[in-house]
Structure formats: C-alpha cells, structure tokens
Amino acid sequence: MNNVTRRNFLQGLGATAALGILAGCGGNGGNAGGGSGATDTPLVVGYSPFSSKFSPFFAETAYDQDAQAMTQLALYPTTRLGEVVYKGIEGESYEFNGTNYTYNGPADIEVTENADGTVFYDITLRDDLKFSDGEPLTIDDYIFSAYVRCDPTYDGSATLSAMPIKGMEEYRSGMDTLANLIINAGPDNKDFTNWTEEQQTTFWTNAKAASEAIAQEIVDYCIANGYNAEGDPVEACAANWGFELPAGATIEDFGAKMMEAYENNIANLVGTENAGSSISDVFPGWDEYLVGVSTGASAASISGIEKTGDYSCRITATQVDANLIYQLGFELAPLHYYGDKEAFNGTDNFGFPKGDLSSVRAKISQPLGAGAYKFVKFENGVINYEANENYFKGCPKTKYVQFREVQDVDKLNGVVTGTIDVTDPSWSKDTAQAVADANGGEVTGPVITTSTVDNLGYGYIGINAHNVNVAGEPASDASKALRKGLATIFAVYRDVAIDSYYGEAAEVINYPISNTSWAAPHATDDGYKVAFSVDVDGNDIYTSDMSADDKYAAAKTAALGFFEKAGFTVADGKLTAAPEGAKLEYEVMIPADGTGDHPAFMILTEAKNAFADLGLNLIINDLSNSSDLWTKLDAIQGEIWCAAWGATIDPDMTQVYFSDVANKDASGEKHNPDGGPNQGGSNYDYCIADADLDQLILDGRASTDQAYRKQIYKAALDIVIDWACEIPTYQRQNAIIFSTERVNIDTVAPDITTFYTWLQEIENLQMN
C-alpha cells in the first residue's frame, strides 16, 4: 500500500496493451526508424529534473523511473486496474469501462500453490525477443536481472531479496559491503582482518570530506533560496535544516554534527541530508567500498531460482506471499550489456562475481534494453530517444522522443507556447482554471487535452504515539483518547480546506489508504465510517442536517469528551490541566515552504482556533525546508505533522504499520535492532505497536484471495484509526496535458488510469 521511502516512485512494469502488432520500422512506406505514418518530428515531454540514474536496477525518482522504462521491457504488463497479465504471449483480454482490451507481454507465468505450502512460479518467455542492439533475449537475462537485485551488495530500491524465495537467506548470508563493515566497526577499529588500515583511513578521510561537502551544499542552498540572508553564519543555516550549532560554528563543525547525528553512517547522512547531491558525488571512490566482503559461510546460488530451459525458469517460494508476484515483474535487462555473458554459468556465476556489481553500476546513466525506445544521450537537460526497430510490438510510430527538464511553474506555459508536447503540471484549482482559459472554457479543447487520474498515494496528518500519549503508555485507552481528541478537530476541517486548495482536483478520504487500491473501503461497504466522526461513547457526532458551523461546534464538544477520558482536567468547557505525560501544548510540523502553501494548512489554522477555545495551544511550525520534518521524524522527535504517502499496486501494509511487537524484549519498551521504541514501520513515524494489527498484516500477505484480503485490510485499517496516529486527509488527482495542436490525440492510449499511463502505449502515439 505505502512504500517506505519519501521519494515516491513506482517500479516500471514495462509496456502493456497492444492494439495489434505493428509493421517494422520501414514498413508500409513509413520513414526509416518509424512505422506507417512515422514522422521525424520529435515528441517533447516536459519532466521535472532528473537524477541521471536511468538504470533498471538503480533508478529511484519517478522521473528517472520513467526515463529508464522507455528503454526496458518488464516480465509482464498490468491492466488498467493494476491486474497482472499472466498470459502475455498469446495475450489476455480484460474489460474496462465497457471496452475489452487485449494485453500482450513477453512471458507467460503459471503459479502453483503446493500442499506443503511452497509456491512455484513457472516463467516462460517468448522465443523471438531481442534487445535494441539486436542481441536475443533469453531466460539467462531474467536470471541475471534477478541475481543483481538479490546480491548482498545491492543497494537499489527493489526488495526482491526480502521475499520468501527458497535459498535466499543462505545466498545473502556471510557477506556485507566493505562500506557497511567499516562503518559498523567505527573509526577507532584495530581489527584489519577483512580490510587494510589504509582502506579504513582513506574511508574516514573521505567520509569527513563528504560530510563537509554536504554541509556546504546545505548552507549554499539555504542562502540561494532565501531561507537565510547571504553571509548568515553557518549556525543559522544549520538551524534551518534542523541542527543546532553554537555561534561561530564552521562548515567542519556542521559536518561533524551531522556525522554525530547519523552515528558516522555517511551513506545515510548523505542520503537524507542533501540538497541534490548523492553519495557518489561527494565521496571520492565510493563505489570501491560497495564491493562485497566475505564474513562467513554463504551459498553460491539461490536454490529457489532454477533454469528449466533456454526461455524458462522456476521460482520457488517457501510460502504464499501476495507481494512476491509484483517483485518478480522486473525489467529484463541484458546480461551481455550490464554483466558478463561469457562468465555466466548458472551455477556459481550469474554474469558478475558475487558481491561485485561494478559492471552494473558502470552503466547507471546509459540504459539499454528491449523497450520501445533506444537511449541516445542525455545532455543540456534533455534525454534523447530513438525508436527501437526490434521492439516486440513493432517499431514505434514516432521516431524520436525527448524528455526535457522543465520547472513545474513552466510546464503549462510550455505546452501553450509549443516548446513542450506533453507534461504533468501540479494539478490544483488554479492550474485547472489556467488550462480552461487557454482552451476558451474547458480543460480539454483546441489547445490542450487533459487527462486526470487519482494519484497513487494520499495525504495525511500523522501523530507519533511515542510522543503523544498519557503516562508513557502509547497503547492505553487514555492515550488513544488523547489522540482521538486531536484527530476529531483536525478531521472536521478537512472538507473546507481540501476544497479551497484543490477544488475538484482532490477529495477527502476516510481511511489511510489510497482510493486507487482495490482494498480501499467505499461508502457503500459494510462498516464504512467517516474518519473520527463518533464521540467517546461511540455515537455519531454529526447529522445530515447540520451546517458547517454546527459541525465545528459538535466536533469541539466531542473532542472535549475524549480529552476528559484521557484524564485532562476540565472546567467550564476548557482544559485546565493535563494528565501525566500529556500536555496543553503540541507542535505540528507542515512543509509549506514557510508561506502556508500546503493543502492541509487551512486544516491546521482552523484547528488552532478550535483548540484555543478548548484551552489547548497548537503550535504550527511551517517549515521552509521539508528535510527538517524527516530529520525529526527519523529521530522520533516529532509530535504531529502533515505529509503524503506514495503507494504501490499491492495494498500490503508491512512496511508502514508492522511493528513485530511479539518480538519486543522483556522490558516491553524496546524491540528494534537499533534500540528504538516500539514502532510501526515507516521510519518510526507512528510508533504503533499492536499485536492484532501485526497478525492481520501477516494474514493479508499469506493469501492471494482478493476478497479475503480486502476484509483483512479493512480490519487492519480500523485498528490504525483506533490508534488515532493517522488522519487521512485527501486523495488528489494527477494530470497529464497534451498539446491538442501537435499530438494526434486519437493515437494516445485510451482510458488512461492510475495503473495504466499514456506511456504504456507510446509505440502507437503519433504527431500531427
């Protein structure tokens, strides 16, 4: 359901529906390099800035993911509803909005659940696939791609190695990266069994330099963006970023402070505290420290990945896991390009030496695959692509495509003025009006054609149970009542705030799950409730005939009841004293650029006034730099905050809410490897620790029955609401706008959805 990173992205799942196999690039009289009707006029797509990680293994941002997906072919397509297409070779038809669409892919997948609890995934590829350079694509390429993602030194975003594949643990054990080993040993280590003293000295010298480079980058960023006046001392910029330094502090002091905060883990420091740089940008020779070092016994291969033919293999899982099928749908990257085809033997070498992904990392900005387009170059902020004549659906009808970097504020104007053909402006009430004005009244017209879909994610207000509770007991009824009192006030102002900011471009949601998910509860479902709409006795707070002001008054009355149950002293309708561990003042952080520009900002300002009437002070901390929010949440210092989650196709909740509370230590307070308090996932954000919720999450993963899983997840969501650690606020829309004048709209993929974007049929798109 939600992913664990705050840089929201989806793994590219490759091209999908085919409207029929196209002719070759020169077919039917078309230009060389394009099918019938092909044109040399490039399609120009406006994108937010790239990070140049165009690798199917290491792309992180949504923009880099799209960039690499243009060149890649994934194991299977998904339908417009996000369903896996298991019979891609012959194609499968699925109905959507009254139309049957046939989806073709490169493989067939057969799933067999065995009596002993194991599961077979038998994969068969087409035997006529080729990469864009003409090399044939075989099952060795798929197996190679799997082993890269499962290598002990792999640090990309894929989580295939966490799946219950037979032999995975044995393969990954007994090895770690040199960087991790040196970091864990610390700067004062004297044991040089696995590395030399010179390697260690160089590492810490470079780590110090890297921390200072990031410190300087942060200072420069704060000054350049007006957060601090030019010439302000280092300590002012550091404070703006969430670090306290004494007067007169230097860049070296700032770097050392961050190293201390991150316990010398330079990779985590740079990954979190940066204004654009990556670890490889600031740490000389970083890749040399990513090599694997053997620390014990380790298997040479993964027993659950078996080659069964030139174009087939079997993946064996030790148990049912609903998420595994999605992890297996990765891109079919070329072994001969990213690895060593001659070294591949399928026994103890799978295209690279175990623990050494240097050949894969070397091509991180130069992708090659079997997708619809070939990567040509990236320069001056423009990625250039050329049609792939070997694409299995036929050569794309538009020969050239450019992905061009453009700032969000310039995207709409770029389409109007003709410098951009397709782009994705931030969709709000103001943007929709500007598009309508350009068209003479509607969002789709003679200048711009607009397609809107629900975003794969949702906005929320979070409350940390570790910091907002009574008597230090986050799970107690009193603590839940305290948070429900807060949540009731926040929830009642959602309608007016979201409508004011988004208009029709977003809607209020009542469960902490994206409405795009099949598991999301709907108003017609049994047991559906508006979030935080009942009082302390379980009675409805609102009636259908209430005015907005009546609802606000009723919310305050209900909140007062929750505060009383939490143990607050109440006199004349006001809170006069807080119980042990609670307060009469709480802080809420909101990354609104210091200007109030955030969809939830009105919720907070209205709630602040309501809380003041009840005797509670809500401090609104409008952050000019969102990294300050994540720093405090990671350190378990935040109380209340506003943010948004990105989601995935499967609604699995493990990475956000699973706390493994059954494994906490005897003290009942700590159970995590780093010694943090009881918590759910998501980098300690909520600190929910609930055994019933944990079991529901495990039950949901252990079944592939969608109807059963939906019931399971509804029960899990009810528990999350009961903890009152997350107030769901809005489901916004994304918009793709096309130049009606320059793009042949009839050739754009019909019925675009959250799970089926216009890029899924880019091979059919033509220019006017």
Side-chain angles (χ1 to χ4, degrees), residues 1 11 13-14 74-79 81-94 103 105-126 139 142-143 145-147 149-150 158-172 299 301-309 311-330 332 517-519 648-655 657-658 660 693-716 755:
M1 181 185 67
Q11 182 180 7
L13 292 178
L75 181 67
Y76 58 76
T78 55
T79 72
L81 292 177
E83 302 150 304
V84 172
V85 176
Y86 289 91
K87 300 296 182 183
I89 296 178
E90 293 297 326
E92 290 185 294
S93 293
Y94 291 79
Y103 301 83
D108 286 348
I109 306 169
E110 184 176 349
V111 182
T112 305
E113 295 186 17
N114 303 308
D116 63 357
T118 61
V119 184
F120 294 155
Y121 295 82
D122 288 298
I123 297 167
T124 303
L125 296 177
R126 291 172 56 133
I139 203 65
Y142 181 80
I143 293 173
S145 299
Y147 268 89
R149 290 168 171 83
C150 297
T159 57
L160 179 64
S161 63
M163 295 293 101
I165 295 175
K166 181 182 177 183
M168 183 67 72
E169 184 176 348
E170 293 82 353
Y171 177 74
R172 288 177 54 81
S301 64
I302 303 168
S303 58
I305 301 179
E306 302 173 83
K307 180 177 178 179
T308 56
Y311 298 95
S312 63
C313 71
R314 168 174 286 182
I315 309 295
T316 301
T318 57
Q319 64 189 57
V320 174
D321 191 309
N323 193 247
L324 178 52
I325 185 61
Y326 299 102
Q327 296 300 322
L328 295 176
F330 49 79
L332 304 164
S517 174
W518 52 260
T648 55
I649 293 177
D650 191 75
D652 174 41
M653 300 178 177
T654 304
Q655 294 174 313
Y657 301 121
F658 187 74
D660 197 18
L693 177 58
D694 285 350
Q695 189 58 55
L696 287 169
I697 291 171
L698 293 175
D699 291 344
R701 287 191 70 159
S703 174
T704 56
D705 184 329
Q706 192 172 98
Y708 168 75
R709 295 183 76 204
K710 182 168 183 175
Q711 293 178 348
I712 290 292
Y713 290 132
K714 171 59 167 62
F755 305 108

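Computed from a prediction, not measured in an experiment: that's the story for all the values here.
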Rounded to the nearest 0.5 Å, what separation is found between the [atom1] atom of [X] and the [atom2] atom of [Y]?
X      : Y      : atom1 : atom2 : result
Met163 : Tyr326 : CE    : OH    : 12.5 Å
Glu306 : Ser312 : CD    : OG    : 11.0 Å
Glu92  : Glu83  : CD    : CD    : 9.5 Å
Ile139 : Leu125 : CD1   : CG    : 4.0 Å
Thr124 : Tyr311 : OG1   : OH    : 12.5 Å
Ile143 : Ile315 : CD1   : CD1   : 7.0 Å

Quick one: list whatever passes salt bridge (Lys or Arg N to Asp or Glu O under 4.0 Å) with Arg701, sequence neighbours left out.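 Residues passing salt bridge (Lys or Arg N to Asp or Glu O under 4.0 Å) with Arg701: Asp321, Asp652.
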
Which atom names give the shortest non-hydrogen contact between [X] and [Y], and what distance separates them?
X      : Y      : result
Tyr121 : Val111 : CD2-CG2, 3.7 Å
Leu81  : Phe755 : C-CD1, 3.7 Å
Ala702 : Val320 : O-CG1, 3.5 Å
Leu324 : Ala317 : CD2-CB, 3.6 Å
Ser161 : Cys150 : CB-CA, 4.1 Å
Ala107 : Ile123 : CB-CG2, 4.5 Å

Give the intermediate values and the outcome of side chain to side chain contact (heavy atoms under 4.5 Å, CB included) for residues Tyr147 and Ser301. CA-CA 9 Å; Tyr147 268 89; Ser301 64; 3.5 Å; yes

Does the pair Lys166 and Thr118 meet the rule for a side chain to side chain contact (heavy atoms under 4.5 Å, CB included), with working shown? CA-CA 9 Å; Lys166 181 182 177 183; Thr118 61; over 6 Å; no

Backbone N or O of Leu332 within a donor-acceptor pair of the Ser145 side chain at under 3.5 Å?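 The answer is no, because no donor-acceptor pair under 3.5 Å joins these two groups.
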
Under 3.5 Å: donor-acceptor pair, side chain of Asp694, backbone of Asp660: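 Checked: pair present.
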
Step by step, work out the side chain to side chain contact (heavy atoms under 4.5 Å, CB included) result for Asp108 and Asp122. CA-CA 8 Å; Asp108 286 348; Asp122 288 298; over 6 Å; no

How about Glu113 and Thr704: does a side-chain donor come under 3.5 Å of a side-chain acceptor?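 Note: Glu113 and Thr704 side chains meet the donor-acceptor criterion.
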
Could you walk me through whether Asp650 and Arg709 pass the side chain to side chain contact (heavy atoms under 4.5 Å, CB included) test, one step at a time? CA-CA 11 Å; Asp650 191 75; Arg709 295 183 76 204; 2.9 Å; yes

Angle between ring planes, Tyr94 versus Tyr103, binned at 30° and 60°: parallel, tilted or perpendicular?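 Plane angle over 60°, so perpendicular.
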
